[in-house]
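Proteins get letters first, then strands, A, B, ... in listed order; numbering begins at 1 in each.
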Number of protein chains: 2
Amino acid sequence: MATIYDVARLAGVAPSTVSRVFNGGSVAAEREALVRAAAEELKFVPDRIARRLNRKRSDLVALIIPDIQNPFFTSLARGVEDVAQDAGLSLVLCNADDDERKQDRYIEAAKAERMTGAIISPASGSKLDLSHLVGGGTAVVAIDRRPTGHPIDLVGIDDERGAETATAHLLEQGYRRIACLAGPRNALTARRRLRGYRRALRTAGIEPDRRLVQHTNYREDGGLAAMADLLRSNDPPDAVLATNSLLGVGAMEALLDADIRPPDIGLVSFSGASWSRLIRPPLTTVWQPAAELGQAAAKLLIRRQQEPTAAEQSIILETTLFPNQSSARPAP
Amino acid sequence: MATIYDVARLAGVAPSTVSRVFNGGSVAAEREALVRAAAEELKFVPDRIARRLNRKRSDLVALIIPDIQNPFFTSLARGVEDVAQDAGLSLVLCNADDDERKQDRYIEAAKAERMTGAIISPASGSKLDLSHLVGGGTAVVAIDRRPTGHPIDLVGIDDERGAETATAHLLEQGYRRIACLAGPRNALTARRRLRGYRRALRTAGIEPDRRLVQHTNYREDGGLAAMADLLRSNDPPDAVLATNSLLGVGAMEALLDADIRPPDIGLVSFSGASWSRLIRPPLTTVWQPAAELGQAAAKLLIRRQQEPTAAEQSIILETTLFPNQSSARPAP
DNA sequence: CTGAAAGCGCTTACAG
DNA sequence: CTGAAAGCGCTTACAG
């Protein structure tokens with residue numbers, strides 16, 4: 001591996017001149033040519049690691065997400081990537097597996113690598129201390145949930161309203177015993193969606209029935225088990241709100257296993273997966289603008305990088321309800 | 001940011017001693033305690049970048065995949081991650097978007113970062129020159145396809161046999177005009193699966209009909225369009241083999257749009273997505289052990305890292321056919 | 001525009 | 001076990 005010194009020697013210039021050639025410093029045209037020829041000959045490639053040691057920041061952005069298999073997050077990652085790439089930043093995708101320790105390890109890494117930025121969707125119930133990172137000069141944007149203590153830029157979905165609208169829709173269709181697959185008890189998004197669900201019920205004059213709320217993980221298996229539980233109860237629901245796409249898929253599996261086809265039981269699910277279109281009967285979904293959310297996060301990050309002292313900002317994106325057959329209650 | 005010098009001063013030892021404490025060198029217990037206390041107080045975190053400049057390798061493994069939204073690859077990533085983490089290596093997930101230029105940029109990055117290893121699932125039809133990387137000392141494992149020229153460790157799925165078995169199954173069920181959604185024309189996995197498909201037909205004494213083969217991308221939209229095309233033809237197929245899970249989903253959408261429910265047209269799809277269980281009628285799938293493949297790749301990588309001169313190895317994993325209703329031909 | 005020199009924060013022989 | 005010193009490969013004021 002040729003170094004800047006080898007190139008300098010061959011070109012007959014100082015190492016600093018070689019450095020300038022590769023960093024856009026001002027260098028006379030002839031000497032630049034000399035340097036480039038020498039570099040070519042030696043197949044010189046600047047060592048990024050050495051470069052990084054001098055510079056303050058590495059052109060890296062970490063995206064720390066809790067579940068790489070969740071399509072909401074892969075869409076989000078696409079959104080982040082698009083904006084980051086345009087800004088000359090490389091994305092490092094980190095799957096924290098909803099595990100606080102893994103998450104902390106990645107946060108630690110972002111700091112130790114002196115990354116330009118980090119976008120973090122916190123693991124459920126994790127305490128999430130980002131002061132280190134922020135103090136170290138890494139621009140940080142949180143998704144869904146702001147860490148306690150430290151002001152920080154935030155992007156999120158209007159979870160509560162999304163759930164409320166979906167529940168109201170089921171009520172309008174005439175469903176009355178509406179269950180909620182609510183996600184992890186300690187996940188803030190789950191609590192918000194649950195609140196929206198309850199509010200819609202109360203607005204309709206219905207007192208929420210605790211037995212109709214199932215806390216689960218945010219994965220398919222959780223949705224399947226929870227829905228199966230609900231179906232086994234003495235007084236099963238006549239509709240269900242699945243608060244994320246994987247839960248929705250799981251619920252659908254449970255219904256089909258029990259030989260029940262929506263809208264016999266009404267079903268609305270938060271979306272995320274393109275393939276939810278595939279489900280028959282067609283599913284009523286709460287669309288979440290995941291890619292846009294990722295873009296927004298990346299833009300906030302870049303802005304924060306450029307103006308470290310700007311006031312903290314929150315961007316909350318609204319969901320859209322797409323009514324479909326799975327919640328189109330048949331006339332009694 | 002505290003440095004090793006700050007810690008050394010506070011602890012009253014030499015910087016090299018601090019370094020040893022954080023790198024498992026031999027240090028007397030009391031001094032170690034002193035150092036750790038000082039580090040704690042100063043919130044010292046070793047700068048990985050500076051460390052990397054001295055060391056030969058960075059404890060990083062790149063996984064370069066062509067589509068982060070494809071569940072086959074997210075499962076694979078999980079497999080890689082599990083093994084890598086146990087070996088103390090951090091995974092850097094790189095989404096090349098099936099774009100040769102992005103892919104090459106990531107390969108370049110893996111070299112420039114002096115990563116310990118890189119696992120690469122080549123973009124369709126890309127030329128893929130890894131000699132640089134390998135020459136630079138990074139352990140490299142290819143997925144599905146070995147780059148030309150350089151011997152290299154490889155893991156893959158037995159694509160040909162998987163497709164052959166699936167096609168033979170459709171033939172057994174009595175289907176005769178079997179179409180193939182074949183993936184990109186320049187993708188080697190697509191060619192192999194196509195070959196398996198054709199072989200099964202020939203074995204059954206049927207000459208493959210070129211019009212029944214649709215080349216597409218490996219995404220859902222490709223499957224949808226290709227299946228729609230086939231349905232519009234004068235002499236439509238009576239069954240179809242989808243050579244990846246996203247194509248299978250797309251095909252299913254097209255069928256349902258046309259109001260055709262398998263097994264009226266038989267459907268077998270390569271799997272990858274857990275949610276394919278959701279599809280009704282239940283889908284016959286060619287199961288691919290994606291996570292196991294990822295684990296195998298990571299193990300090969302670690303072995304290669306430890307024994308750089310070991311003979312190159314290939315690990316080919318077999319698929320499993322899970323027959324189900326979507327290909328259970330009704331009696332005529 | 002250009003060069004000599006110091007420095008980025010750590011690691012690693014080398015002596016002791 | 002421990003410290004002083006050189007070095008990893010580049011960048012960046014500082015003079016000129």
Side-chain angles (χ1 to χ4, degrees), chain A residues 1-36 38-39 42-60 108-116 132 135-138, chain B residues 1-36 38-39 42-60 88 108-109 111-116 136-138:
Chain A
M1 301 272 294
T3 74
I4 214 176
Y5 290 93
D6 303 322
V7 177
R9 199 175 317 125
L10 184 59
V13 303
S16 44
T17 300
V18 177
S19 172
R20 287 189 190 101
V21 167
F22 285 94
N23 289 289
S26 33
V27 177
E30 329 98 64
R31 321 197 103 219
E32 168 156 4
L34 242 41
V35 168
R36 292 216 180 271
L42 297 174
K43 290 175 185 293
F44 169 74
V45 177
D47 184 318
R48 291 196 203 184
I49 295 171
R51 166 178 294 178
R52 207 169 286 162
L53 191 56
N54 293 295
R55 306 243 234 226
K56 309 283 76 95
R57 298 276 125 223
S58 71
D59 290 343
L60 259 31
E108 195 65 35
K111 180 187 164 129
E113 299 282 352
R114 297 200 225 134
M115 294 192 186
T116 291
H132 264 207
T138 295
Chain B
M1 300 267 295
T3 72
I4 213 176
Y5 290 94
D6 303 322
V7 177
R9 197 175 320 124
L10 184 60
V13 303
S16 44
T17 300
V18 178
S19 173
R20 286 188 191 103
V21 167
F22 284 93
N23 289 289
S26 34
V27 176
E30 327 96 66
R31 320 197 104 219
E32 169 158 2
L34 243 39
V35 168
R36 293 214 179 272
L42 297 173
K43 289 174 187 295
F44 168 73
V45 178
D47 185 318
R48 292 197 203 185
I49 296 172
R51 166 179 294 178
R52 210 170 283 163
L53 192 56
N54 293 295
R55 305 244 235 226
K56 310 285 75 94
R57 299 276 125 221
S58 71
D59 289 343
L60 258 32
E108 195 62 36
K111 181 191 162 116
E113 300 284 350
R114 301 199 221 129
M115 293 192 187
T116 292
T138 295

Side-chain N or O of B:S26 closer than 4.0 Å to phosphate OP1/OP2 of D:dC1 | yes
The answer to which of B:I49 and B:S16 contacts DNA chain C further toward the 5' end, by nearest nucleotide, is B:I49
Answer with base, sugar-phosphate or nothing: what part of the nucleic acid does B:F22 contact at a heavy-atom distance below 4.0 Å?
-> nothing
B:F22 ring centre to B:R51 NZ or CZ under 6.0 Å, with the angle to the axis within 45°?
-> no
Taking CD1 from B:I4 and P from C:dT12, how many angstroms apart are they, rounded to a whole number?
-> 11 Å
Rounded to whole angstrom, note down the C1' distance from D:dT12 over to D:dG16.
-> 16 Å
Grab the CG-C1' distance between B:L53 and C:dG7 for me, whole Å please.
-> 12 Å
Does a nitrogen or oxygen in the side chain of B:R31 sit under 4.0 Å from OP1 or OP2 of D:dT2?
-> yes
5'-most contact on DNA chain D (nearest-nucleotide basis), B:T17 vs A:A2, goes to B:T17
Is B:E113 close to B:E108 at the side-chain level, that is, under 4.5 Å between some pair of heavy atoms?
-> no
Is B:R52 salt-bridged to B:D59, cutoff N-O under 4.0 Å?
-> no
Side-chain N or O of B:S19 less than 4.0 angstrom from OP1 or OP2 on C:dT11?
-> yes
Considering every strand shown, what is the Watson-Crick or G-U wobble mate of D:dG16 when both distances are under 3.5 Å?
-> C:dC1
Can you check whether B:L42 reaches B:R9 side chain to side chain, under 4.5 Å on heavy atoms?
-> no
Just compare C:dC10, D:dT12, C:dC1 and give me whichever is closest to any side-chain atom of B:D47.
-> C:dC10
Interatomic distance where CZ belongs to A:R52 and C1' belongs to D:dT12 [whole Å] = 18 Å
Between B:Y5 (OH) and D:dA6 (P), how many Å, whole number?
-> 12 Å
Which pair of heavy atoms, one from A:M115 and one from A:T138, lies closest together, and at what distance?
-> O-OG1, 2.9 Å
Take the protein atom CD of B:E113 and the nucleotide atom P of D:dC8, then report the distance between them rounded to whole Å.
-> 20 Å
Under 4.0 Å between a side-chain N or O of A:N23 and OP1 or OP2 of D:dT11?
-> yes
Between D:dG9 (C1') and B:K111 (NZ): distance, integer Å = 15 Å
Nucleotide D:dA13, atom P - distance to CZ of A:R20 in whole Å = 11 Å
Specify the separation, in whole Å, of atom CZ of A:R51 and atom C1' of D:dC8.
-> 16 Å
